[in-house]
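Naming: A, B, ... by sequence-line order, numbering from 1 per chain.
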Amino acid sequence: MTTDQTAPTSVDPGAPIRARAQVVSNLSEGEANHRIELRVERWPQWQPGQFVMLAPGAESAAPRYDPLLPRPMAIYTADSKGNFDQVSVLYKVEGRGTRLLAAAEPGEHVRMVGPLGTGFELPPEGHHAILVGGGTGTASLYSLARAALERGPVSVILGARRAALLMAESDFEKLGAKLHIVTEDGSRGEQGLVTDVLGPLLAEGGDPAIVYACGPTPMMRACHRLTREAGVSCRVALENRMACGFGACLGCAVPMAEGGFSLVCKQGPVYDADTLEWEGIP
Amino acid sequence: MSGVDTRTNLAGIELRNPVLTASGTFGYGTEFKAFMDLRRIGGFVAKSLTLEPRFGNPPPRIAEVRAGMLNAISLENVGVEAFINEKLPEIPDGVPVIASLFGTEIPAYAEVAKRLTGVPKVAGLEVNASCPHVKSGGIEFGQNPVVLAELVRTVRAATDAPLLVKLSPNVTSIAEMARVCEGEGADGISLINAVQAMDVDVRSRRPVLKNILGGFSGPAILPLALRMVWQAAQAVKLPLCGIGGITDADDAIKFLLCGATAVQVGTANYTNPMAAAEIAEGIAAYADANGFARTADLTGALEAP
Ligand SMILES: Cc1cc2nc3c(=O)[nH]c(=O)nc-3n(C[C@H](O)[C@H](O)[C@H](O)COP(=O)(O)OP(=O)(O)OC[C@H]3O[C@@H](n4cnc5c(N)ncnc54)[C@H](O)[C@@H]3O)c2cc1C
Ligand SMILES: Cc1cc2nc3c(=O)[nH]c(=O)nc-3n(C[C@H](O)[C@H](O)[C@H](O)COP(=O)(O)O)c2cc1C
Ligand code: FES
C-alpha cells in the first residue's frame, strides 16, 4: 500500500451549466476518431478528468427521442478565445449516438451539460507521473498531461489495437512528455499491450511514481495490479454508462472495496484504484 | 408572462403550477439547484425512501432502449433520517416536497410515513406501490388488489398528510387498482411507474441489465401511460397525477386533458435538467393562447372524438 498525499488542483470546479454550444468544427481524425470544437459563452472553472454530457446529435435534428440520452465525454480542452470559450471533445464513433454527433455541422448547436464529476488531483511535487491511455480513455488524460508537465516529469503510454485507432497521438507529441506508443499488431510503436511498457517503467526506479490510467476495464485492472506490486499509487478514470451525469438517477453506481456503491458521475469518474471492487465493474 | 392562473391543488397540496418531477429522476432536489430555481416548478417528488439507508443493484443498472431507457436501481436511498437532516435543509423555502416511500413489507411503509408526517417542507407523501412484496413472493404490492388495499389502509392510518398512491402499470386493470386506492382513503393517485421490460445485447448474448428485468421509462411509454390515466379518470373521482414519457408541454397537456390534475416529469430531467420548468411555462402559454384563464381548467377538457 502507498501512503503518499496528492496535492489538490489549484482550482475548484465551478457549478455545472447547461449550454447551447455552437459547433465550430467537427472533423474525423482518421477512422472512427473525431474531434468536435464547441463554442460557449462562458465555461465554468474545470479540472482535468471532468466530463460533459453531450446530446447525441445537433439540436436542429430535435426533437429526437431516439437515441435519447446524452453521452458522457471527457473535456479534452477548454480555453478562452477572448469573448467566448471553446470546449473540445475527442470522441470515437461507437454506436448510434456518436454517429449522429459526427453528423453535426459547423454552425449547428449541440446541448451540453458540464463540467461534471470530480477530476484528477495533480501529481505531488517531485513525482514522476505516468499516464496510461487506451481507446477513448486517452481523451481523459490530455489535459492532465498538460497540467502535470508544469509540476514535474511526465511519461505517457498510449495503446490501441492498431495504428489507425490511436487517439490524439500528435497532440501528446507536441506536449513534450516522454511518449510511448504501443499497438497490439505492431503497426505503430512497440508491439504488445500498455502494461508491457508500464511494468519496466515502474521498475526503473528514480523519482517516486504515480500512475493515472483510463481505458477499457481490463486494461485499468492490469495497470492496477502492476502498481500494487510496485507499491505505487494508481488513479483510474472510469467510463461507465450514465443517464443523467449529475447524481440524479443512481444509474452509474459501481461497487467499492469497503462495500456499498459510489456514483461515477459525482464521486468519480476518477478513483484511487485501491478503493474499487474490481470484480463488479462492468 | 401571461395572466393565466397556474395554481394547482393536488389532493390538498398547494402547488404554484401543475408540474412536479417524478421520484427517482430528480434525486433529492439538490442535484438540480445548479441548473434552475426550483421555484419554477410546482414541486418535486424525492427518491423513494426506506427507514434505513439501502444499497441498490449491481451494475449495469441502466440501458438505453428505443426512445427510452431501462433501469434497475432497486431500493438505493439515503434513508429517511438522512433525508430529513441532510437533504431537506438544502431545499429552498416555498418548494413543496413530496416524499416517496417504499418497503418490502407493509409495516415498514407505515413507519416511514409516520416519521415523515409533520416534517417541515414535506407537503405530502407518495406511496410507491411498485416494490416487490416479500410476503407475496416478490410480486409488486400494486399488482394484487388485496395487498394494495392493505397497504393503502395501513399507511392511511399512520398519517394525516396528503397521501398519493403511485400505481404500477404492470396490471390487468388499472381502473380496479384506482378504485382500491379511493376505497381505502388515499387523497390522490399518481400513475404510472416504469413498465417492466428487458433488453438483450445480441453480441454478448446477455441481458443488458445485470438484474435482467428493469423499468421502462421515457417518451416511448407515453401512449400507454395516457391510456391508463384516462381509464383511471373514468373510474374514480380522486385527483390524478399523470406520469410517463412527458418531454414537452404538449405531452403534459395531453395528461391534463385526459383528466390529470397535475403531471410529473421523469426521464426528461436527464436529457434536460430544466425540462420541468420549461414544461410548466409551456402549459401556461398554451392555456393563454387557447383561452383558458386557469391551467386547472385544462383538467378533463378532452373533447369528444
Ligand atoms: C466519464 C466518461 C468520459 C468519457 N469520455 C469519452 C471521450 O472523451 N471520448 C469518447 O469517445 N468516449 C468517452 N466515453 C465513452 C462514451 O460515453 C461512450 O463511448 C458513448 O456513450 C457511446 O455512445 P454511442 O452512441 O456511440 O454508443 P451506443 O449506441 O450507446 O452504444 C454502443 C455499444 O456500446 C455499449 N456502451 C455504450 N456506452 C457504454 C459504456 N459507457 N460502457 C460500456 N458499454 C457501453 C452499448 O451498450 C452498445 O452495445 C466516456 C465515458 C464516460 C463515462
Ligand atoms: C432511474 C429511475 C429511477 C426511478 N426510481 C423511482 C423510485 O425510486 N420511486 C418511484 O416511485 N419511481 C421511480 N422511477 C419511476 C419514475 O418516477 C416514473 O414513474 C417513470 O420513470 C415514468 O415516467 P417517465 O417516462 O417520465 O420517466 C424511476 C425511474 C427511473 C428512470
Ligand atoms: S449518471 Fe445519473 S447518477 Fe450518475
Side-chain angles (χ1 to χ4, degrees), chain A residues 13-20 44 53-57 59 62-72 95-97 111-116 217 238 240-256 258-266 268 276-277 279-282, chain B residues 21-22 24-36 44 46-47 53-78 204 206 208-210 214 217-220 222 245 247-248 250-251 266-275:
Chain A
I17 59 166
R18 176 166 194 257
R20 186 168 175 263
M53 293 299 282
L54 203 53
E59 199 185 46
R64 185 194 273 131
Y65 301 141
D66 185 37
L68 182 71
L69 299 170
R71 273 35 183 178
R96 297 182 307 150
R111 292 285 183 173
M112 175 167 81
V113 171
L116 298 166
T217 302
L238 300 183
N240 285 60
R241 283 185 218 171
M242 292 183 180
C244 69
F246 48 87
C249 73
L250 310 183
C252 61
V254 289
M256 301 302 283
E258 59 174 17
F261 292 91
S262 171
L263 294 182
V264 177
C265 72
K266 282 206 98 158
L276 295 169
E277 177 50 56
E279 286 301 327
I281 299 199
Chain B
T21 51
T25 66
F26 208 70
Y28 301 100
T30 53
E31 292 79 0
F32 287 76
K33 285 201 302 182
F35 302 110
M36 65 168 168
F44 70 89
K47 177 76 189 164
R54 298 285 292 260
F55 294 134
N57 282 329
R61 290 178 172 185
I62 50 170
E64 192 178 67
V65 294
R66 280 180 205 153
M69 64 178 284
L70 303 181
N71 87 83
I73 310 295
S74 186
L75 294 170
E76 184 142 329
N77 77 94
V78 297
S204 63
R206 286 177 209 274
V208 295
L209 297 176
K210 180 87 172 174
S217 67
L222 184 140
T247 306
D248 58 29
D250 280 3
D251 291 346
T267 301
N269 296 310
Y270 307 153
T271 55
N272 173 9
M274 281 114 91

Fill in the blank from the handout: Scored by heavy-atom pairs under 4.5 Å with chain B, the best of A:Gly260, A:Ala55, A:Gly280, A:Gly259 is A:Gly260
Handout entry: Separation between CG of B:Asn269 and CZ of B:Phe44, rounded to the nearest 0.5 Å
Key = 11.5 Å
Exercise for the section: Answer with side chain, backbone, both or neither: which region of B:Thr25 has an atom nearer than 4.5 Å to a non-hydrogen atom of chain A? Expected result: backbone
Practice task
Could you tell me which of B:Pro58, B:Pro273, B:Gly218 has the largest number of non-hydrogen atom pairs under 4.5 Å with chain A?
Solution key: B:Pro273
Exercise for the section: Could you tell me whether the side chain of A:Glu277 and the main chain of A:Pro255 form a donor-acceptor pair under 3.5 Å? Expected result: no
Handout entry: Residue A:Met53 versus chain B: region with a heavy atom under 4.5 Å
Key = neither
Problem - Contact check, side chains of A:Pro115 and A:Pro44, non-hydrogen atoms, under 4.5 Å - result: yes
Handout entry: Qualifying residues under ring pair (Phe, Tyr, Trp, His ring centres under 6.0 Å), relative to A:Phe261, sequence neighbours excluded
Key = none
Practice task
Select one option (side chain, backbone, both, neither) describing which atoms of A:Arg241 are under 4.5 Å from chain B's heavy atoms.
Solution key: both
Handout entry: Toward chain A, the part of B:Pro219 with a non-hydrogen atom under 4.5 Å
Key = side chain
Exercise for the section: Under 4.5 Å heavy-atom distance to chain A, tell me which part of B:Tyr28 shows up: side chain, backbone, both or neither. Expected result: neither
Exercise for the section: Report the C-alpha separation of B:Asn272 and A:Arg111 in whole Å, then their side-chain angles, then the decisive distance to 0.1 Å, and conclude whether the side-chain hydrogen bond (donor to acceptor under 3.5 Å, both in side chains) test is met. Expected result: CA-CA 9 Å; B:Asn272 173 9; A:Arg111 292 285 183 173; over 6 Å; no
Handout entry: Contact class of A:Leu250 relative to chain B, heavy atoms under 4.5 angstrom
Key = both
Completion exercise
Interface check, chain A: of B:Ala268, B:Gly29, B:Gly68, most non-hydrogen pairs under 4.5 Å belong to B:Gly68
Completion exercise
Given A:Cys249, A:Gly97, A:Gly245, the one with more heavy-atom pairs under 4.5 angstrom with chain B than any other is A:Cys249
Handout entry: Part of B:Phe35 within contact of chain A (heavy atom distance under 4.5 Å)
Key = side chain
Problem - Structural part of B:Ala72 lying under 4.5 Å from a heavy atom of chain A - result: neither
Exercise for the section: Would you mind reporting whether A:Thr217 and A:Pro282 have side-chain heavy atoms less than 4.5 Å apart? Expected result: no
Problem - Nearest-0.5 Å distance, CG of residue A:Asn240 to CD1 of residue B:Ile62 - result: 9.0 Å
Exercise for the section: Please state whether the side chain, the backbone, both or neither of B:Lys47 comes within less than 4.5 Å of a heavy atom of chain A. Expected result: side chain
Handout entry: Exercise: identify the closest heavy-atom pair between B:Gly56 and B:Ser74
Key = CA-CB, 4.3 Å
Exercise for the section: Pick whichever of B:Met274, B:Glu64, B:Glu31, B:Met36 has the most heavy-atom pairs under 4.5 Å with chain A. Expected result: B:Glu64
Practice task
Assess whether atom CZ of B:Arg206 is packed by more than 12 heavy atoms of other residues, nucleotides or ligands within 6.0 Å.
Solution key: no
Handout entry: Top contributor to chain B interface from A:Pro70, A:Cys252, A:Cys244, A:Gly247 [non-hydrogen pairs under 4.5 Å]
Key = A:Cys244
Handout entry: Heavy-atom pair of closest approach, residues B:Tyr270 and A:Ala243
Key = CB-O, 3.7 Å
Fill in the blank from the handout: If one checks every heavy atom of B:Thr30 against chain A at 4.5 Å, the contacting part turns out to be neither
